[in-house]
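Below: one structure, written as structure tokens.
Naming: A, B, ... by sequence-line order, numbering from 1 per chain. Computed from a predicted structure; not experimentally measured.
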Amino acid sequence: MPELPEVEYAARRLRRALRGRTIVHLRAHHPSQRRTLGAAVVRRVAGKMVRAVERRGKSQLVHLSDGATLVVHFRMNGDWDFGRSGTALAAHARVSFDLDDGKRVSLVDSRALCTVRWYAPDAPPVFKLGPEPEDPALVPSALRAALQRKRGPIKPALLDQSVVAGVGNIYAAEACWHARISPRAPANKLSLPRVARLLDGLRSALADGHTNAARYHKGVREVPFNVYDREGEPCNRCGRMIRRITQAGRSTYFCAGCQR
DNA sequence: TATTCCCTGTGC
DNA sequence: GCACAGGGAATA
């Protein structure tokens, strides 16, 4: 379930496994991954050491010792599986890294929508991303300026990665709920106080997400969402029924009682 | 700015 | 069967 908190957590685990290690063997196991990881790339990556792993928005960047970069995107349901080389591959393993310490990291993704791209040292990836949600430079007036360039309703606007990096469908809806703003409110007409509330709402929703990402692998009970996937259930704030609508082809959950 | 497509799995 | 799934690039 990879949105920003999950990707942040995944990138940390990946960093722990890869940093300083040499990739003995990179393999693409599915045709959709072989399109971006051809034989030449796979050959070139072999023997390179991992200098650093970082996250930008929902992308994970693996910086290699020859200056090349691998960019991993989980899309809808990618995740890492950590195991040992030579053992059976995890189900739905799409790409795997065999490391010089005998361990193997696999990208598992049942839908095979995940992407792994290789960038040459002289042509590094360029991201059209807005500020990270935690960036101190992201103040209400900056968010408002970004939103004023947008047409259409606020909730789909929050999914635009050039507005704020890493906001996905769940947290866009949760942020609107926290801020008591209708997902249908025009993005470019939100007042500064409402934008400030939205920013606070986004940060609290993501904070819950970070708690959950840490709990996910420990079997600890997770913090429930307030609106996402709760159609027909009562709102935690006003008790009215949560509704589901479609915006820009995706589900939006909200409470028409207290989100105006 | 909305739809279509990429894939496969799940739940009704 | 069919609708739907958290993303994003490519389209009209």
Side-chain angles (χ1 to χ4, degrees), chain A residues 1-11 28-37 55-61 71-81 89-95 106-117 119 125-130 132-133 146-177 183-189 202 205-206 208-213 216 222-232 242-254:
Chain A
M1 312 154 130
E3 280 212 34
L4 189 140
E6 294 79 14
V7 174
E8 170 63 27
Y9 190 72
H29 304 286
H30 188 279
S32 66
Q33 273 67 49
R34 273 186 226 114
R35 283 200 289 268
T36 53
L37 294 179
R55 178 190 65 75
R56 275 293 279 136
K58 283 173 278 194
S59 292
Q60 295 170 75
L61 283 62
V71 178
V72 178
H73 200 296
F74 280 169
R75 298 285 189 105
M76 302 273 219
N77 45 319
D79 198 4
W80 296 117
D81 176 81
L89 275 175
H92 309 302
R94 304 310 185 190
V95 171
S106 303
L107 172 46
V108 291
D109 174 15
S110 60
R111 287 173 73 180
L113 291 170
C114 59
T115 55
V116 182
R117 284 174 211 285
Y119 292 85
V126 178
F127 297 95
K128 287 178 279 188
L129 292 175
E132 294 284 336
L147 290 174
Q148 278 177 339
R149 294 194 306 268
K150 298 291 296 176
R151 303 277 141 176
I154 180 60
K155 186 265 181 174
L158 285 174
L159 297 179
D160 182 339
Q161 301 295 294
S162 71
V163 173
V164 183
V167 181
N169 201 41
I170 295 176
Y171 295 104
E174 294 290 314
C176 290
W177 181 86
R184 297 192 274 214
N188 58 1
K189 292 211 203 123
L202 177 62
L206 288 170
D208 285 347
H210 281 108
T211 306
N212 283 338
Y216 181 71
E222 296 179 40
V223 182
F225 295 123
N226 287 292
V227 283
Y228 179 74
D229 203 21
R230 290 196 56 218
E231 184 180 17
I242 304 296
R243 292 177 50 197
R244 183 175 84 92
I245 58 173
T246 298
Q247 291 181 298
R250 318 203 93 92
S251 288
T252 296
Y253 297 87
F254 74 110

Rounded to whole Å, how long is the line connecting atom [atom1] of [X] with atom [atom2] of [N]?
| X | N | atom1 | atom2 | answer |
| --- | --- | --- | --- | --- |
| R34(A) | dC7(B) | CZ | P | 13 Å |
| R94(A) | dC7(B) | CZ | C1' | 8 Å |
| R230(A) | dA5(C) | CZ | P | 17 Å |
| K155(A) | dA2(B) | NZ | P | 12 Å |
| R184(A) | dA2(B) | CZ | P | 14 Å |
| N77(A) | dC4(C) | CG | P | 18 Å |
| D229(A) | dT10(B) | CG | P | 16 Å |
| D109(A) | dC6(B) | CG | C1' | 11 Å |

### Query
To the nearest 0.5 Å, what is the distance between OH (Y253(A)) and NZ (K155(A))?
9.5 Å

### Query
When the P atoms of dC6(B) and dG1(C) are considered, how many whole Å apart are they?
22 Å

### Query
What distance, rounded to whole Å, do you find between the two P atoms, one in dG8(C) and one in dG9(B)?
22 Å

### Task
Under the side chain to side chain donor-acceptor pair (under 3.5 Å) rule, collect the residues that match up with D208(A), sequence neighbours excluded.
none

### Task
Produce a footprint string for nucleotides 7-12 of chain C: one letter per nucleotide, 5' end first; B if the base is under 4.0 Å from any protein heavy atom, S if only the sugar-phosphate is, - if neither.
BB----

## Note on the structure
Minimal heavy-atom distance between N226(A) and I242(A), with the atoms involved, is O-CD1, 4.1 Å

### Summary
Taking every heavy atom of G166(A) against every heavy atom of L4(A), the minimum-distance pair comes out as O-CB, 3.3 Å

### Message
Dot-bracket, 5' to 3', for DNA chain C please: Watson-Crick or G-U pairs under 3.5 Å, [ ] where pairs cross earlier ones, | where the partner sits on another strand, dots elsewhere.
### Response
|||||.||||||

#### Entry: Under 3.5 Å side-chain donor-acceptor pair for S251(A) and N169(A)
no

### Task
Decide, yes or no, whether a salt bridge links D160(A) with K150(A) under the criterion of side-chain N to carboxylate O below 4.0 Å.
yes

### Message
Is there a side-chain contact between H92(A) and the phosphate of dC7(B), meaning an N or O under 4.0 Å from OP1 or OP2?
### Response
no

### salt bridge (Lys or Arg N to Asp or Glu O under 4.0 Å) partners for R230(A), two or more places apart
E233(A)

### Task
Using the test salt bridge (Lys or Arg N to Asp or Glu O under 4.0 Å), find all partners of R56(A) that sit at least two apart in sequence or belong to another chain.
E132(A)

### Query
Just checking Y171(A): base, sugar-phosphate only, or nothing, at a heavy-atom cut-off of under 4.0 Å?
nothing

### Task
Identify, with sequence neighbours excluded, every residue that meets ring-ring contact (aromatic ring centres under 6.0 Å, His included) alongside Y171(A).
none

